[in-house]
Amino acid sequence: MENFSSYYQNLDNNIKKYFKILYPYIPIELQEYIEIIMRLSGIDYFCGMKYASNHMYNFKYNISRLDHSISCALETLRFTDDFEMVLSALYHDGNTPIFSHVIDYLYKDYIKQEKSEENNDLFLLENVVLQKLLARDNYNIEKIINPKQHPIIDNNRPKLCIDRLDGILLTSLSWTKTITLDEVEEIINNTSLLKNDEQELEIGFLNPLIAKKLVTMEDTINTYCKSNNDTFMMLLAADMIKYCINSCYIKESELYTLKESEFIEIIKENYYYDLQLALLYDAFTKMEKVTSVNIKNTKTRVIKPLYLNQDNKIIRMD
């Protein structure tokens, strides 16, 4: 079984650089908590689409849900020494299923895309190793299992939070390719905690131009995610997973225990014996062109971040 040391040793140097932009190092005390969610190193951040047709996707970097979880924890460390809050950021995706938000499409949760996040708190509450670590370090599980109690980690759109900021940065680096690591550093160095109208701390920016840049980046991501190509491939992957469940190749519960590479191996083991499965997998891995999709209304990604104007007044972008 992979541990943190082997994971980090094999990590892309560009992702290591990304981590260091967020925070100078990964604290030793955080590393043993990371061990609990090592399975996420085998869950693609882009919903398993790294296995899809290269006519549909061409990612610059392979980014895992574990990478995202660690970077969220490191970003939280920039703003607080509250380690329980850092752990809440680390574990916010702890129970992510294979193909991530494809599972939302499987259950027709196209708008909110939250079905895949259900039972994350139960996953943490039932983890024996985590319970022992928390007891040893005198941390309260209740302050960890619900990231929404920490608005800087998770809040509602159009506000900005660490989870949302990190998603925009990673997606803009790897999928839309609209920024570089140097630009990530510029953005992070202009990021701050600002107090919103509800008197809650929220992720914001010291420079209105950086805030505007984030809005443009998110608009581009929204266009990609609402494209015919992405919608079709998400639906196709959902059909492939549903077929595997119905054919008893995997159990529904295994969506939350398998790595994606293990699921792909299951498909390959049955590929030559199941024509329907072969057709689905060939479509997923070889699709060249999409013309239309059956659903039009999917999740809309909009942000209106806070920023400081020239008079040092906190403004929310229109």
Side-chain angles (χ1 to χ4, degrees), residues 18 43-50 52 56-61 63-65 67-69 71-72 75 89 92-93 96-97 99-118 120 147-148 151-179 183-184 187-188 191 196 202-205 208-235 237-238 290 293 295-307 316-318:
Y18 179 74
I43 307 297
D44 176 37
Y45 184 69
F46 300 108
C47 302
M49 294 305 153
K50 77 172 188 178
M56 298 289 107
Y57 300 94
N58 180 25
F59 299 112
K60 188 173 183 179
Y61 305 118
I63 299 172
S64 72
R65 280 282 159 184
D67 301 338
H68 169 61
S69 297
S71 54
C72 284
E75 286 166 60
H92 78 281
D93 276 346
T96 299
F99 288 75
S100 305
H101 292 294
V102 166
I103 305 308
D104 298 323
Y105 281 68
L106 176 65
Y107 295 109
K108 304 187 187 310
D109 178 20
Y110 307 125
I111 307 300
K112 292 185 177 181
Q113 296 189 15
E114 295 177 347
K115 180 70 177 179
S116 58
E117 300 169 0
E118 287 184 354
N120 191 59
K148 287 188 180 295
I152 71 167
I153 298 173
D154 191 2
N155 55 26
N156 295 323
R157 290 179 183 274
K159 298 175 184 176
L160 191 62
C161 59
I162 284 170
D163 180 27
R164 199 161 294 129
L165 172 62
D166 192 63
I168 294 171
L169 295 177
L170 291 176
T171 305
S172 299
L173 275 171
S174 182
W175 190 11
T176 65
K177 304 182 185 72
T178 52
I179 58 169
E183 289 173 291
V184 168
I187 291 167
I188 289 298
T191 303
N196 60 30
E202 181 183 332
I203 298 293
F205 299 101
L209 294 179
I210 297 295
K212 184 175 177 60
K213 185 171 188 171
L214 257 288
V215 170
T216 301
M217 289 159 58
E218 181 74 326
D219 286 347
T220 301
I221 292 168
N222 193 51
T223 300
Y224 273 56
C225 290
K226 283 182 166 291
S227 68
N228 281 343
N229 281 2
D230 190 59
T231 303
F232 182 89
M233 294 302 289
M234 294 286 280
L235 288 167
V290 172
V293 293
I295 60 169
K296 298 295 183 183
N297 198 10
T298 59
K299 184 176 180 178
T300 298
R301 294 161 174 82
V302 175
I303 57 167
K304 295 181 180 180
L306 300 174
Y307 66 90
R316 186 173 297 283
M317 182 157 286
D318 292 331

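Positions are given from 1, in the same order as the sequence printed here.
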Does the side chain of Ile153 come within less than 4.5 Å of Glu75's, by heavy atoms?
no
Short question: side chain of Asp109, backbone of Lys115 - any donor-acceptor pair under 3.5 Å?
yes
Check for a donor-acceptor pair, side chain of Asp166 on one end and backbone N or O of Ser71 on the other, with a separation under 3.5 Å.
no
Would you say the side-chain atoms of Asp154 pair up with the backbone N or O of Cys161, donor to acceptor, closer than 3.5 Å?
no
Test log, rule side-chain contact (heavy atoms from CB on, under 4.5 Å), inputs Val102 and Met49
CA-CA 10 Å; Val102 166; Met49 294 305 153; 3.8 Å; yes
Closest non-hydrogen atom pair between Met233 and Ala52, with its separation:
CE-CB, 3.7 Å
Quick one: do Arg316 and Glu202 satisfy side-chain contact (heavy atoms from CB on, under 4.5 Å)? Show the steps, please.
CA-CA 11 Å; Arg316 186 173 297 283; Glu202 181 183 332; 2.8 Å; yes
The reported gap from CG in Leu306 to NZ in Lys159 (rounded to nearest 0.5 angstrom) is 9.0 Å
Which heavy atom of Leu169 sits nearest to which heavy atom of Ile187, and what is that distance?
CD2-CD1, 3.9 Å
pair Thr171-Tyr45: side-chain heavy atoms closer than 4.5 Å
yes
Are Phe205 and Leu160 side-chain neighbours, meaning at least one heavy-atom pair lies under 4.5 Å?
yes
Apply the side chain to side chain contact (heavy atoms under 4.5 Å, CB included) test between His68 and each candidate in Ile43, Thr96, Asp163; give the one that qualifies.
Asp163
Give, for atom CD1 of Ile295 and atom OH of Tyr110, the distance between the pair rounded to the nearest 0.5 Å.
4.5 Å
Side chain to side chain, Val215 and Pro305, heavy atoms closer than 4.5 Å
yes
Looking only at non-hydrogen atoms, find the nearest pair between Leu165 and Leu214 and report the distance.
CD1-CD1, 3.8 Å
I'd like to know whether NZ of Lys304 has more than 12 heavy-atom contacts from other residues, nucleotides or ligands below 6.0 angstrom.
no
So, does Glu117 use its side chain to make a donor-acceptor pair with the main chain of Asp93 at under 3.5 Å?
no
Residues in ring pair (Phe, Tyr, Trp, His ring centres under 6.0 Å) with His101, at least two apart?
none
For Glu114, check salt bridge (charged side-chain N to carboxylate O under 4.0 Å, His left out) against everything at least two apart and list the hits.
none
Determine yes or no for a side-chain-to-main-chain donor-acceptor pair under 3.5 angstrom, with Ser174 supplying the side chain and Tyr61 the backbone.
yes
Answer yes if the ring centres of Phe59 and Phe46 are under 6.0 angstrom apart, and no otherwise.
yes
Is Thr231 reaching over with its side chain to a backbone N or O of Asn228, donor-acceptor style, under 3.5 angstrom?
no
OG1/Thr220 to NZ/Lys177 distance, rounded to the nearest 0.5 angstrom?
13.0 Å
Side-chain heavy-atom pair Tyr307, Ile210 within 4.5 angstrom cut-off:
no
Can you name the closest pair of heavy atoms from Ile162 and Cys72 and give their distance?
CG2-O, 3.6 Å
Can you tell me how far apart OG1 (Thr191) and CD1 (Ile203) are? Round to the nearest 0.5 Å.
7.0 Å
Is a side-chain donor or acceptor of Asn222 paired with a backbone partner of Arg301 at a separation under 3.5 angstrom?
yes
Without swapping roles, check the side chain of Arg164 against the backbone of Asn155 for a donor-acceptor pair under 3.5 Å.
yes
Looking only at heavy atoms, which two atoms of Pro208 and Met317 are closest? And how far apart?
O-CE, 3.8 Å
Here the salt bridge (Lys or Arg N to Asp or Glu O under 4.0 Å) pairs for residues 217-232, sequence neighbours left out, are Arg157-Glu218
CD of Gln113 to CE of Met234, rounded to nearest 0.5 Å, is 6.0 Å
In Å, rounded to the nearest 0.5 Å, how long is the span from CD1 of Ile179 to OG1 of Thr216?
12.0 Å
Between Lys299 (side chain only) and Cys225 (backbone N and O only), is there a donor and an acceptor less than 3.5 Å apart?
no
Is it true that atom NZ of Lys212 has more than 12 heavy atoms of other residues, nucleotides or ligands lying nearer than 6.0 Å?
no
Donor-acceptor under 3.5 Å (Asp104 side chain, Ser116 main chain):
yes
Minimum-distance pair of heavy atoms, taken over all atoms of Cys47 and Phe99:
O-CD2, 3.4 Å
